[in-house]
2 protein chains.
Amino acid sequence: MAKNVTLKDVARHAEVSYQTVSKVIRGQMQVTPEVRARIDAAIDALGYRPNSAAQSLRLQASHLLGYSWQQDRQNQISPILQQFQHSMVECAEDLGYHILLFPQRPNKDLYSTYAALVETRRVDGFILSSIEYDDPRLPIIDRLKVPAVCFGRSSEDMSLPYVDIDGRAGIAEAVRHLIAEGHQRIAILAWPETSRVGTERLNGYWDAMAGANLPVDAAWVIRGAGESDYGYVAASQLLALPHDRRPTAIVTLLDIIAVGVMRAIADQGLQVGRDVAVTGFDDMPAVHYIKPGVTTLRQPVWEVGQLVIDMLVGLLKGEPLAHQHVLLPPELIVRESSQREALAQPNQ
Amino acid sequence: MAKNVTLKDVARHAEVSYQTVSKVIRGQMQVTPEVRARIDAAIDALGYRPNSAAQSLRLQASHLLGYSWQQDRQNQISPILQQFQHSMVECAEDLGYHILLFPQRPNKDLYSTYAALVETRRVDGFILSSIEYDDPRLPIIDRLKVPAVCFGRSSEDMSLPYVDIDGRAGIAEAVRHLIAEGHQRIAILAWPETSRVGTERLNGYWDAMAGANLPVDAAWVIRGAGESDYGYVAASQLLALPHDRRPTAIVTLLDIIAVGVMRAIADQGLQVGRDVAVTGFDDMPAVHYIKPGVTTLRQPVWEVGQLVIDMLVGLLKGEPLAHQHVLLPPELIVRESSQREALAQPNQ
DNA sequence: GCAAGTTAAGCGAACGTTCGCCTAATTATA
DNA sequence: TATAATTAGGCGAACGTTCGCTTAACTTGC
């Protein structure tokens, strides 16, 4: 690697003081066009680049944002967090920041993991994802008094700024879509009560059912965990209900679960869409090949990443946040799995 | 955030010079037990932590490793790279390093993306993943003369150090397993010739077939891209061959593709395992629920991550590498999809 | 009992920036 | 023409470390 080119080298070459070079580069100083030209020439003759460690030391800011990435317990294979990460990385670079990845060891005290990063001044702030009820990271961030923005929330009135997907509104929209398709007996495969995301989405179901004055049979609301297998088992259970209580539509919280449901429906000799409607969540690329296509809710993950970074960087610059809490609605994508007349074959 | 606690603060508190504190902390100096105790007491009375920017500046090393993460074109939803990333992050921390994420913009010149990081001294080295033929990053790294280690290789004799999975050995082992199960007509769903990984794995197929003196019908080697749909279509094509040319086993390069193959087999009224054996690759969690279980090759991704970081950090310390190129064999996991006598479940 | 080696600790300098204050020259104002 | 205001640029200091050299005191060997 070549020797470091510093401000002093540039200054010598341009025959000015090095502090002047610094100021001119950052537009903090007016110089005569002639001097300006000499400096510019020197910079690219020598290939000068400011040293980021020196900048960090002087500015007391690392321009690094800490992010630790633990997979959701609920939906293991969701590509959501990958997209989120990618989106953050791009947005951060636009603003002169980078993402620093760090591990959260199960055996090591979580507080010291975060404290180490803050106290050594390695990072300027944190991004947290997959927030759940009583998330242990929240009090830690609070205690460290370090800027942080979350993807997800543990309650409506969280002290930390967050961006989240409005799962409640999303599921409500899906249910209203099913109602518009003529369904009345609509079931939902929810997640355990410990899941904040799951509870939130389930509320959307209640909202829409109540909004349409539709009664809800207790058997229609199932809570469970897992992926396709959960969908298969739970759907089989629903389809075994007496005919007048059997749901004609099943809402799920994950595309993969919807796939399991669709298999169960097919195994009962029924047709997805025509006989029983199904909806998923996430618009996962992995299920795009499935036929019939799965009606789903696409999360605007890219936008979440951008917003989270914008907010965090704003915080670091001392700007007051325009919105402390942002909720983004998912987008309903209607495919064949929830449409009665699509692919309808004239059948008996 | 609290005021910075520096070496000088500790020194004042312990009544020694600050340089002494620095040396004692790093074990570069012997002091009397009494002084040692005073320093230790001062450190945790004040909560001293060395400032990483100052260290970086002085040591001319950021202790940051650059990693840019672009999804494989071939297998979009493989969780391999996620595991790899996670493994790197942990291993790096053990060695006092962190991973810095940066974007590779399609519109921006790749060289300047890397050069900027190196010339500003933001990173000490790079990790590259998903190397393909004529990878544009290789000459860039070479030109920048920056330490780097790759996950994957573009050719046997690459100039950069790499760690890779021995896909050739893996597929060969899978094919030998099928042969041991009594199969003779074995087909493979390969990837386009532009895929280095695919070509490598296909070679394993040839190795094993030749090693067992089994003839290969040209129709058995299919090249294509895609996920489950590719498997479905290609398998249907294979199963439509005349009876004496029809393969009794189909090797695929991805679990998801194997799933498509299994659907095709079932759709033909045949039974996976008993009638046609199938193998996948990656041991993806997403297909664990599939019945019958998919025989697959598990990549030792965790080990790859550890090795890559070990090697890169070694390079940065100026240590000569024990092995410039490391090849790790995947592990064959035999499940029902490749066993004739395994309990048959009427599913899919 | 004296030169030579060992040990404990201090001190100056450097890593490459940015910031605030200062100075000299030029221009505008009275 | 004298004075105030503006402009172009310089200079010292600081951010918090680590490194190498020096010094003073204390052992050791003969």
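Convention: sequence-line order gives letters A, B, ...; per-chain numbering from 1.
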[atom1] of [X] to [atom2] of [Y]: how many Å apart, nearest 0.5 Å?
X: A:F84; Y: A:I309; atom1: CZ; atom2: CD1; result: 7.0 Å
X: B:L65; Y: B:L312; atom1: CG; atom2: CG; result: 5.0 Å
X: A:H98; Y: B:L64; atom1: NE2; atom2: CG; result: 9.5 Å
X: B:S68; Y: B:Q104; atom1: OG; atom2: CD; result: 3.5 Å
X: A:F102; Y: B:E93; atom1: CZ; atom2: CD; result: 9.0 Å
X: B:Q306; Y: B:S87; atom1: CD; atom2: OG; result: 4.5 Å

Mapping B:T20 and B:Q60 onto DNA chain C by nearest heavy atom, which one lands closer to the 5' end?
->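 Counting from the 5' end, the first nearest nucleotide belongs to B:T20.
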
More than 12 heavy atoms from other groups under 6.0 Å of CG on B:D134 =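 For B:D134, atom CG is not crowded (no more than 12 foreign heavy atoms under 6.0 Å).
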
side-chain contact (heavy atoms from CB on, under 4.5 Å) between B:V146 and B:F126, worked out | CA-CA 8 Å; B:V146 60; B:F126 289 103; 3.8 Å; yes

Salt-bridge contact A:D124-A:K317 (side-chain N to carboxylate O under 4.0 Å) =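 A salt bridge is absent here (no side-chain N lies under 4.0 Å from a carboxylate O).
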
Would you call B:R196 and B:D135 a salt bridge, using N to O less than 4.0 angstrom?
->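 Here B:R196 does not pair with B:D135 in a salt bridge, since their nearest N and O are not under 4.0 Å apart.
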
Does B:S129 offer a backbone N or O that forms a donor-acceptor pair with the side chain of B:R137 under 3.5 Å?
->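 It does hold such a pair.
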
What is the bend of the helix from C:dG1-D:dC30 to C:dA30-D:dT1 when you compare the axis at one end with the axis at the other, using five pairs each and rounding to 10°?
->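 So the angle between the two local helix axes works out to 40°.
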
Can you list, in residue-number order, the parts of [range] that come under 4.0 Å of DNA chain C, counting heavy atoms only?
range: residues 50-59 of chain B; value: B:L57, B:R58
range: residues 22-33 of chain B; value: B:K23, B:M29, B:Q30, B:V31, B:T32
range: residues 11-19 of chain A; value: A:Y18, A:Q19

Walk me through it: do A:L81 and A:W69 pass the test side-chain contact (heavy atoms from CB on, under 4.5 Å)?
-> CA-CA 8 Å; A:L81 288 182; A:W69 178 54; 3.2 Å; yes

Side chains of B:T32 and B:R36: donor-acceptor distance under 3.5 Å anywhere?
->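 No - no donor-acceptor pair under 3.5 Å links their side chains.
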
If you measure only the distance, is there a donor-acceptor pair under 3.5 Å linking the side chains of A:Q85 and B:Q85?
->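 Checked: A:Q85/B:Q85 side chains pair up, N/O donor to acceptor below 3.5 Å.
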
Side-chain contact test, heavy atoms from C-beta onward, threshold under 4.5 Å: evaluate it for A:L100 versus B:I99 and give yes or no.
->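 Heavy-atom side-chain distance check fails, nothing below 4.5 Å.
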
Side-chain contact test, heavy atoms from C-beta onward, threshold under 4.5 Å: evaluate it for B:I43 versus B:L46 and give yes or no.
->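 Heavy-atom side-chain distance check fails, nothing below 4.5 Å.
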
Kindly indicate, with the supporting measurements, whether the criterion side-chain contact (heavy atoms from CB on, under 4.5 Å) is fulfilled by B:H323 and B:M311.
-> CA-CA 9 Å; B:H323 306 281; B:M311 287 165 71; 5.9 Å; no

Specify the residues of residues 34-44 of chain B, ordered by number, for which at least one heavy atom lies under 4.0 angstrom from an atom of DNA chain D.
->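 Residues of residues 34-44 of chain B that come under 4.0 Å of DNA chain D do not exist, since none gets that close.
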
Between which nucleotides of DNA chain D, read 5' to 3', does contact with chain A run, using atoms under 4.0 Å from its heavy atoms?
->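 Nucleotide range with atoms under 4.0 Å of chain A: D:dA8 to D:dG16.
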
